[in-house]
There are 2 protein chains.
Amino acid sequence: MDTKPETKLEKNTYHHGDLRSSLVDAASNMLKEGGIDGLSLRKLADKVGVSRTAPYHHFKDKNELLCAIAEGGFSRWQQDATAIFNQHDLSPREKYRQFIQGYIAYAADNPELYDLMFGRTIWKQNTATQSLRDVAYPSFHQQVTMTRQWQQQGLMPAGEDTLRLAQVTWGTIHGIARLLIDGIYADRSHIDEMCDCAVNLFCSEH
Amino acid sequence: MDTKPETKLEKNTYHHGDLRSSLVDAASNMLKEGGIDGLSLRKLADKVGVSRTAPYHHFKDKNELLCAIAEGGFSRWQQDATAIFNQHDLSPREKYRQFIQGYIAYAADNPELYDLMFGRTIWKQNTATQSLRDVAYPSFHQQVTMTRQWQQQGLMPAGEDTLRLAQVTWGTIHGIARLLIDGIYADRSHIDEMCDCAVNLFCSEH
DNA sequence: CCAGCTATCTTGACAGCGTCAACATAAACT
DNA sequence: AGTTTATGTTGACGCTGTCAAGATAGCTGG
């Protein structure tokens, strides 16, 4: 035999030692390649070098694995987002522009991951893990919090109900992201112009 | 045997007679029930009363069947849309409000169909049938045409590039529709308020 | 130090899926 | 009437997710 995949610290033991995170890592790559449907638990197990059913000792089913992947996606996006928000010396309007540009860029760079994070596979079926919820819900809620702030800064119309405004503005960037990653708008080259257009519509005159 | 599904005009012949449209009909229902993944060609054939592979004489593969279903979805939406546009005695603003409300209502009433029509299954994989393209592309393009008209009517900002504006406004209603049918915004009860909010953002003062 | 418990990994099996190949039937055309 | 063509059938293959049962190894208590 001896055909096990070698890593630096390969122990080649019966027990893998760190299978769970290895699975999430490899699965994230597989997701990137072939999307949710292209992510096969059997191929995944094969890639990591364990038997078909080994993953089932770390994830109840495919859904739980997907939730784990999505969780990582939310964490990384949260980092990107706070990096944008923490920038100084930027007008609120410019900061908002960068935010939605960064949002769509994240989606465009990780289309399959975005589809997993904000797609129906997890949310429509209502199969989100608790730990995924713990990461995702704050991310959803942040959109409302930020919207309130933007209203207070005079960037967005104060007259509108904050929740509705957040839903519409997030809906917009989500919709643009989806049109992009779903292949309806093929070219990324116009993203910037679209973001500018959205900012013009949503934000009061500079 | 005699277990064939009976219809009024049941001929019980070897040849079905109208299998193709029967398949599309039954498949549309199945889609409504279980979504794209829940639509199984084998169950479908069983439901219609033919053998597993009979559908393959009418559709090259599952994708072609899906395209045929989507085609019907576009036709029906086109009817709804023109009905809205043909209304008289309505201000442009009110007409636009009814349009986006109707759009989202159509999506909410036919979530799985909408997912098929505007989802990645068909467009990302670039597997749309020619006849589907012939129905879908005009529908996409209409959004631009209407946007230009709305700009000329003074409803939407004339300064913005028409194509970008169309992309952003369509992106918005598409995004809201998706958030709704993907189970991220669970309740339909706030649709009207969201539409009002969107109209306020996009359209100049009445 | 060793017995036993538990976590982990294995092979075997099953039902469901889309789809190809080969064959059967009926209708349509020459 | 005879042949082609359209449409239906059964059989088979490889893929999928997942359950059940058995094997191994590491941990924990006596």
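Just so it is clear, the values below take in all heavy atoms, side chains as well, and ignore hydrogens, waters and symmetry mates. Predicted model only: the values in this text are computed from it and were never measured.
- Of the charged side-chain nitrogens involved, none lies within less than 4.0 Å of a carboxylate oxygen, so that A:Lys47 and A:Asp25 do not count as a salt-bridged pair.
- In this structure, CG of A:Asp18 is placed 11 Å from P of C:dT8, rounded to the nearest angstrom.
- Separating the CG atom of B:Leu44 from the P atom of C:dC17 is a distance of 11 Å, rounded to the nearest angstrom.
- For D:dG8, the OP1/OP2 oxygens have a side-chain nitrogen or oxygen of B:His58 closer than 4.0 Å.
- The OH atom of B:Tyr56 sits 5 Å away from the C1' atom of C:dT19 (whole-angstrom rounding).
- C:dT10 atom C1' lies 8 Å from atom NE2 of A:His57, rounded to whole Å.
- Atom CH2 of A:Trp170 and atom CD1 of B:Ile176 lie 11.5 Å apart (nearest 0.5 Å).
- Atom CG in B:Asp115 sits 6.5 Å away from atom CG in B:Asp182 (nearest 0.5 Å).
- Using a 4.0 Å heavy-atom criterion, one finds that A:Lys43 contacts the sugar-phosphate atoms exclusively.
- Checked against C:dC20, C:dC9, C:dG18, the side chain of B:Thr53 finds its nearest nucleotide in C:dC20.
- At a non-hydrogen distance threshold of 4.0 Å, B:Arg42 from residues 21-42 of chain B come into contact with DNA chain D.
- One can find a donor-acceptor pair under 3.5 Å joining the base of D:dG11 and the side-chain atoms of B:Arg52.
- Here the side chain of A:Glu64 pairs a donor or acceptor atom with the backbone of A:Lys60 at under 3.5 angstrom.
- The distance between atom CG of B:Asp46 and atom P of C:dG18, rounded to the nearest whole Å, is 13 Å.
- Of the candidate nucleotides D:dG17, D:dT9, C:dT11, C:dT11 has the atom lying nearest to any side-chain atom of A:Ser51.
- Using modelled atom types, one side-chain atom of B:Gln151 and one backbone atom of B:Glu160 make a donor-acceptor pair closer than 3.5 Å.
- Remark: P of D:dC15 and NZ of B:Lys62 are 19 Å apart, rounded to the nearest angstrom.
- Counted within 6.0 Å of NZ on A:Lys32, heavy atoms from surrounding residues, nucleotides or ligands total 12 or fewer; the atom is thus considered open.
- For the pair B:Asn63 CG and C:dT19 C1', the interatomic distance rounds to 14 Å; values are reported in whole Å.
- A straight line from CG of B:Leu65 to P of C:dG18 spans 10 Å, rounded to a whole angstrom.
- A salt bridge does not link B:Arg164 to A:Asp192: none of the charged side-chain nitrogens sits closer than 4.0 Å to a carboxylate oxygen.
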